[in-house]
Amino acid sequence: MTRLPASLLRTASASLLALSSPAEADNLREALVQAYTTNPTLEAARANQRATDEGVPIQRAPGLPSVDVTATHIEFIRQSANAFAPPERNLGVTTALLVPVYSGGAVRNGIAAAKERVEAGQADLRNTESTIFAQVVAAYMDVLRTEALAALAANNVAVLRTNLEATSDRFQIGDLTITDVAQSRSRLAVAEGDLQSAEANLIAARETYIRLVGSAPAALEAPPPLPGLPDTVGEAIVSALENNPNLEAAKLRAEAAGFDTKVAGAGRLPTVGLFVNGQYSDFFGTLVSNFPGLVQREVTANAGVRVTVPLFQGGLPAARQRQAGARESAALEDVIASERQIVAETRSTWSNWQAANAVIKSAQAAVEAAELSLEGVRAENSIGNRTIIEVLNAEQELVSARAQLVTARRNAYVAGFNLLALMGKAEARDLNLDIEGVLYDPTINADRVSSKMWDWDRDPEPQAKSTRTVDIPAPDATIGPQLLPGEK
């Protein structure tokens, strides 16, 4: 049997080792940084959180003084015959100042609920960030895996094509039968189909990378070791119960729902407010009367205290409070549901991570054994002790073992990162990403808007911040030249 040229073997081997050997190209840190700064899903989550921040000043506004000015110009087209001093026109300007004093706790509890929802939204934003990072890591590893699998498939096609040529030559001299040629041709046809599938998978993986990161993947470097992985599943669960952002958000929403119940109950309580009213009236000299001394312009003012005591509202406050109480019960149940889900996902992810690490060890042993087996079968075939089908089977076993090793390395890394995400340790602050020295801090905007009360205070016009990918050329299945460690 004729062996594959060393150059082709080096290309396939480099793809196989891409998960464990560095190359001069993009790295995982750069991919995460780019996603952090340009991913539209993450940018939208930040914008939605800024919208949630406005809940605090919205709830505070009913407890602050309000001033209204109303101007009315009236033309009296037809006057009453009994009018004492009928004017032709009038301009009235009324100013009203209302100062809420007591609202049964509705404003205070509404503000408290809004603050809890702001904190819950910040936890949701953390979860979105770690979810995007987990997707980027999976996409990054999928590109590496599919490149390696495509290289293995291409290598397998080249090997089988060479084998077919050698088998055909030996058939011509009567050393082999037509059955041997047919077996070699069949294996080559299957391998060519596998190569087409591998190339399609590679294109799909690169497209997913572009969608998440915002740029096309180049020759990606091997990812760095994951920091902070737990030693035991119990340690992982403890960290998840303490730091998982989904669970934290559920707890904060339950607290907000408790304040909502108090707000609903305030509808049965009295309200107290102070008011000051002023009115200016101008008849434009049209006020005519037989009595002298009538003025054409006048200013009046009054002030007082308004107390409203609800006596009967058709059961509306009680219904609202029962409704809010039911929602509070649902929020408390959501906390338990989130806790259950996090425990289950943490245990499952831990198991997947451990299994993938075990598969790596067994796959490495399988690759070594398959390489040794293939060498022996080829040698025995050359002296007639092994058949062509046995050589083809040995080659297929080696390809399968290498593919399993590549996939296991990908699965182990992705499962490890997902485990960190469940533990609340997969955010930009945990990964020490250097993003121009500044990480997005949602509390800055929350603090900025919490005390705003000017009606004409506006932010800049909204505009998209994430980058588009329409100008990025469609990826293909080309695998660039790679070097083994130590080569130049």
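- Look at E371 and R402 and you find a salt bridge, because one of the NZ, NE, NH1 or NH2 atoms lies within 4.0 Å of a carboxylate O, short of that distance.
- Note that R46 lies in the cation-pi zone of Y36, set by a 6.0 Å cut-off to the ring centre and a 45° limit from the axis.
- Note that CD1 of I111 is 12.0 Å distant from CD1 of I58, once rounded to the nearest 0.5 Å.
- Contact between D282 and F284 at its shortest, heavy atoms only, is OD1-N, 2.8 Å.
- The shortest side-chain heavy-atom distance between V107 and Q59 does not fall under the 4.5 Å cut-off.
- By the neighbour-count criterion of 12 heavy atoms within 6.0 Å, atom CZ of R60 is densely surrounded, having more than that number from other residues, nucleotides or ligands.
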Step by step, would you call L64 with M453 a side-chain contact (heavy atoms from CB on, under 4.5 Å)?
CA-CA 9 Å; L64 297 177; M453 60 180 68; 4.1 Å; yes

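- Side-chain atoms of T407 come within 3.5 Å of backbone atoms of A403 as a donor-acceptor pair (strictly under, hydrogens ignored).
- The number of heavy atoms from other shown groups lying within 6.0 Å of CZ (R306) does not exceed 12.
- Contact check on R410 versus D142 returns a salt bridge, with a Lys/Arg side-chain nitrogen under 4.0 Å from an Asp/Glu carboxylate oxygen.
- Heavy atoms from other residues, nucleotides or ligands lying under 6.0 Å from CZ of R50 number more than 12.
- S338 places a side-chain heavy atom less than 4.5 Å from the side chain of L247.
- By the neighbour-count criterion of 12 heavy atoms within 6.0 Å, atom CZ of R347 is sparsely surrounded, having that number or fewer from other residues, nucleotides or ligands.
- Salt bridge annotation for R448-D459: present, with a cationic side-chain nitrogen under 4.0 angstrom from a carboxylate oxygen.
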Salt bridge (charged side-chain N to carboxylate O under 4.0 Å, His left out) for D334 and R327? Distances and angles first, verdict last.
CA-CA 10 Å; D334 287 341; R327 288 174 176 165; over 6 Å; no

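- You'll find the side chain of L220 stays beyond 4.5 Å of the side chain of N27, heavy atoms only.
- How far CG of L32 is from CD of E427: 13.0 Å, rounded to the nearest 0.5 Å.
- Between L97 and P65, some side-chain heavy-atom pair lies under the 4.5 Å cut-off.
- Panel note: side chain E129, backbone A428; a donor-acceptor pair is recorded below 3.5 Å.
- No donor-acceptor pair closer than 3.5 Å links the side chain of N156 to the backbone N or O of L152.
- A side-chain N or O of Q321 and one of R268 form a donor-acceptor pair less than 3.5 Å apart.
- Looking at every heavy atom in both residues, A257 comes nearest to A331 through CB-CB, 4.1 Å.
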Are Y102 and T271 close enough, and set up right, to give a side-chain contact (heavy atoms from CB on, under 4.5 Å), and what steps lead you there?
CA-CA 5 Å; Y102 177 71; T271 59; 5.8 Å; no

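- With 3.5 Å as the limit, one finds no donor-acceptor pair spanning the side chains of S281 and E298.
- Contact record, V263 with G110: CG2-N, 3.4 Å, taken as the closest heavy-atom pair.
- Applying salt bridge (charged side-chain N to carboxylate O under 4.0 Å, His left out) to K452 and the options D447, D457, D53 leaves one that passes, D457.
- Under the 4.5 Å side-chain criterion, counting only non-hydrogen atoms from C-beta, V359 is not in contact with N411.
- Between the R206 side chain and the D476 main chain, a donor and an acceptor come within less than 3.5 Å of each other.
- Summarising the geometry of L431 relative to A426, their closest heavy-atom pair is CD1-O, 4.2 Å, with the distance given to 0.1 Å.
- Counting only distance, with no hydrogens or angles, the side chain of Y140 and the backbone of L28 share a donor-acceptor pair below 3.5 Å.
- Closest heavy-atom contact between A138 and V414: CA-CG2, 3.8 Å.
- Considering CG of L91 and CZ of F283, their distance stands at 10.0 Å, rounded to 0.5 Å.
- With hydrogens and angles disregarded, a donor-acceptor distance shorter than 3.5 Å links the side chain of T232 to the backbone of E235.
- Residues D430 and L420 form no side-chain contact, since every pair of their non-hydrogen atoms from C-beta on lies 4.5 Å or further apart.
- Of the possible donor and acceptor atoms, one in the side chain of Y413 sits under 3.5 Å from a partner among the backbone N and O of P224.
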So L405 and Q364, side-chain contact (heavy atoms from CB on, under 4.5 Å) or not? Walk me through it.
CA-CA 6 Å; L405 176 58; Q364 287 174 333; 3.5 Å; yes

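- Put simply, CD on E43 and OG1 on T467 are 9.5 Å apart, with the number rounded to the nearest 0.5 Å.
- A heavy-atom distance below 4.5 Å is found between the side chains of R297 and Y280.
- Looking only at distances, a side-chain donor or acceptor of S239 sits under 3.5 Å from a matching main-chain atom of M423.
- Panel note: side chain N39, backbone L212; a donor-acceptor pair is recorded below 3.5 Å.
- With hydrogens and angles disregarded, a donor-acceptor distance shorter than 3.5 Å links the side chain of Q49 to the backbone of V118.
- In this structure, the side chains of Q279 and T95 stay at 4.5 Å or more apart for every pair of heavy atoms.
- Distance check: L195 CG to L149 CG gives 11.5 Å after rounding to the nearest 0.5 Å.
- With 3.5 Å as the limit, one finds a donor-acceptor pair spanning the side chains of S215 and Q34.
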Might you work through the side-chain contact (heavy atoms from CB on, under 4.5 Å) test for Q396 and S400, ending with a clear yes or no?
CA-CA 6 Å; Q396 185 59 46; S400 298; 3.4 Å; yes

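- In this structure, L419 and T349 approach most closely via the heavy-atom pair N-CG2, 3.6 Å.
- Rounding to the nearest 0.5 Å gives a distance of 13.5 Å between CD of Q341 and CD1 of I336.
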